[in-house]
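Right, one structure below, let's go through it.
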Number of protein chains: 2
Amino acid sequence: MPFADAEMLLFANTETDRIHKDFPIRISREKVCMTYPHSHMTTGCKNCSDRSLRIMCDLSGQARVDFEALGMQMKLPKRAIIFQEDDVCDAATIVCMGQVKLSCTSREGKTHILKIAVPGDVLGMGAAISGAHFEVTAETIEPCVVKKIRRSELLAFLEKYGQASMLAAKALSEEYKSAFFDARRLALSGSTAGRLAGVLLDWGRAAAGCNGTDMRFTMALTHEELANLAGTSRETVTRALGKFQKEGLIEIHGSSFRVVSPTGLETLCS
Amino acid sequence: MPFADAEMLLFANTETDRIHKDFPIRISREKVCMTYPHSHMTTGCKNCSDRSLRIMCDLSGQARVDFEALGMQMKLPKRAIIFQEDDVCDAATIVCMGQVKLSCTSREGKTHILKIAVPGDVLGMGAAISGAHFEVTAETIEPCVVKKIRRSELLAFLEKYGQASMLAAKALSEEYKSAFFDARRLALSGSTAGRLAGVLLDWGRAAAGCNGTDMRFTMALTHEELANLAGTSRETVTRALGKFQKEGLIEIHGSSFRVVSPTGLETLCS
DNA sequence: TCATTGCAGTGACCAAGATCACAGGCCGAC
DNA sequence: GTCGGCCTGTGATCTTGGTCACTGCAATGA
């Protein structure tokens, strides 16, 4: 798993200091699991050791070998921009480690966070396939490892292996689903507190899926960002989180969150 | 273009009367263009005579012939349910004629309309490929012609022609985009009037793309449905439309809408 | 012809939540 | 250390838009 150090230079000129400070060069399996609660990095989790392969898990033989050779793996510091809204798409990106914030911004500067991508997620697949511009901005919220696959290489690969096209289509349909559930939550949940509850519940469930049944995770977002995610204001998030704690639905210690009563949150989602 | 009359029986037992009343058996080109303002049915439009082929336009040779032979074309009356939320997906559906409402419903009975599908749109492609349940309900809002392709046949076809898989992926990415823009509109437009303006603008543009530059279209939705589409209440829609008219942004005569000032609506979207 | 039903239009009221303003806390930089 | 910047917490106010309640209108069907 060689890192593309050349690519690091892209960031080095402005962010060299950060890189070395924020990014632990050697990360043990344990460390990863603590730092990245959403991560599926452990070998036991879904039986797969390299998350960048998740979408292509079902590939067989030469196709898989070829896919593994594809693209360029790179380490990114916190707050690195992977791609920006309206950029021409020249590559798809697979998240191998860390969390990535996907957001879009209105002309007035209002920003909406669509989702937090976790290891195994593919970013910009739709834009890569249809040759369009990105609709969202992708920014790391912690030190990350990603794998960039140039659009031309990706297309050539899909062209060569029809089998892989189907898997790409599946990855796309995941991308679609998350946008859909996002819209659904925004539209159908009656209250802002309900939307926030839904977000916490999703994360709790994701964490439980990885670390057993304990719905504990590290919140990597500020209240402001949570607000952008739930379509509300920072103050409302602060108040809602306070209320959830008072009612015993969640526990918060610093950036460590734990969902105590999933059913309680569930009823709020309405 | 033979119709699958056998399939009609599915509806005939409950809806026979409606079918014959609502559905004009022979539709002239002109009639189509008046009845279905969003339709791309005219031969001049994007240079394609059969909209059910739109996603597979780029197919060549035998693949295209095979695709054309695929599936079953059927006429549907107004208000026919094509598939429902949580149904197991057994087929993808291509809209050939007419408009189809895609909606989802919360446990409390609140419904949200995602989009109005128009001829050429493919419904349930994501669910068909990933073998999942439908996330939305599809219901015709006017007499329609659709083409249903059984999941097994579709998969076999995609398996056979790798080229087609890519096109399917493109169709999927379209599906994704519409969900995304939906979420974006809900999240980023400051006011409810803004969201409504955005919807009208989209439709005006779609109509203009087909019938020249005149942004005139027939509104097939009630105020209530528009409200569900824009995430607001019926009363607010009524008031907003009234305001738009008063300000000279749109003209409404019965169900005929015309966007007078696209730029005016645009500024509202914010 | 009249009754029924569903949609459109409008006023009054009310509450959820956005916004503003400010205070305290934490953390990194110097 | 301490300074400054960002994040969190909280009260006061104000606006938007949801809800209720009612009327009028048009289509449908008996």
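Chain naming here is simple, since letters A, B, ... match the order of the sequence lines and numbering starts at 1 in each. What you see is a predicted model; the values in this text were computed from it and never measured.
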- Message: Any base atoms under 4.0 Å from A:Ser233, or only sugar-phosphate, or nothing? Heavy atoms, all strands.
- Response: base
How many Å lie between [atom1] on [X] and [atom2] on [N], as a whole number?
{"X": "B:Arg79", "N": "D:dT28", "atom1": "CZ", "atom2": "P", "answer": "11 Å"}
{"X": "A:His253", "N": "D:dT8", "atom1": "NE2", "atom2": "C1'", "answer": "17 Å"}
{"X": "A:Leu221", "N": "D:dT8", "atom1": "CG", "atom2": "P", "answer": "10 Å"}
{"X": "A:Phe244", "N": "D:dG9", "atom1": "CZ", "atom2": "P", "answer": "14 Å"}
{"X": "A:His223", "N": "C:dA18", "atom1": "NE2", "atom2": "P", "answer": "15 Å"}
{"X": "B:Glu108", "N": "D:dG18", "atom1": "CD", "atom2": "P", "answer": "17 Å"}
{"X": "B:Leu226", "N": "D:dG18", "atom1": "CG", "atom2": "P", "answer": "14 Å"}
{"X": "B:Glu224", "N": "C:dG6", "atom1": "CD", "atom2": "C1'", "answer": "10 Å"}

- Message: By the definition side chain to side chain contact (heavy atoms under 4.5 Å, CB included), identify the one residue from A:Glu247, A:Glu251, A:Gln245 that meets it with A:Leu249.
- Response: A:Glu247
- Query: When you measure from the side chain of B:Thr236, which nucleotide among D:dC7, C:dG17, D:dG18 comes out closest?
  - Reply: D:dG18
- Item | From D:dG9, C:dG17, D:dA21, nucleotide with atom closest to B:Arg234 side chain | D:dA21
- Query: Hey, are the side chains of B:Ser103 and B:Asn228 touching, using non-hydrogen atoms and a 4.5 Å cut-off?
  - Reply: no
- Message: Is the ring pair B:Phe217/B:Trp203 parallel, tilted or perpendicular, if the boundaries are 30 and 60 degrees?
- Response: perpendicular
- Taking N and O atoms by type only, does the side chain of B:Arg239 place a donor or acceptor under 3.5 Å from a partner on the base of D:dT16? no
- Message: So for A:Glu235 and C:dC20, does any side-chain atom that can act as donor or acceptor lie under 3.5 Å from a complementary atom in the base?
- Response: yes
- Within the pair A:Thr192 and C:dG17, is there a side-chain N or O less than 4.0 Å away from OP1 or OP2? yes
- Message: With a cut-off of less than 4.0 Å, is there a side-chain N or O of A:Thr232 near OP1 or OP2 of C:dG17?
- Response: no
- Task: For the pair B:Glu266 and B:Arg205, find out whether any cationic side-chain nitrogen is under 4.0 Å from an anionic carboxylate oxygen.
- Result: yes
- Item | Nearest heavy-atom neighbours spanning B:Leu268 and B:Ser191 | O-OG, 4.5 Å
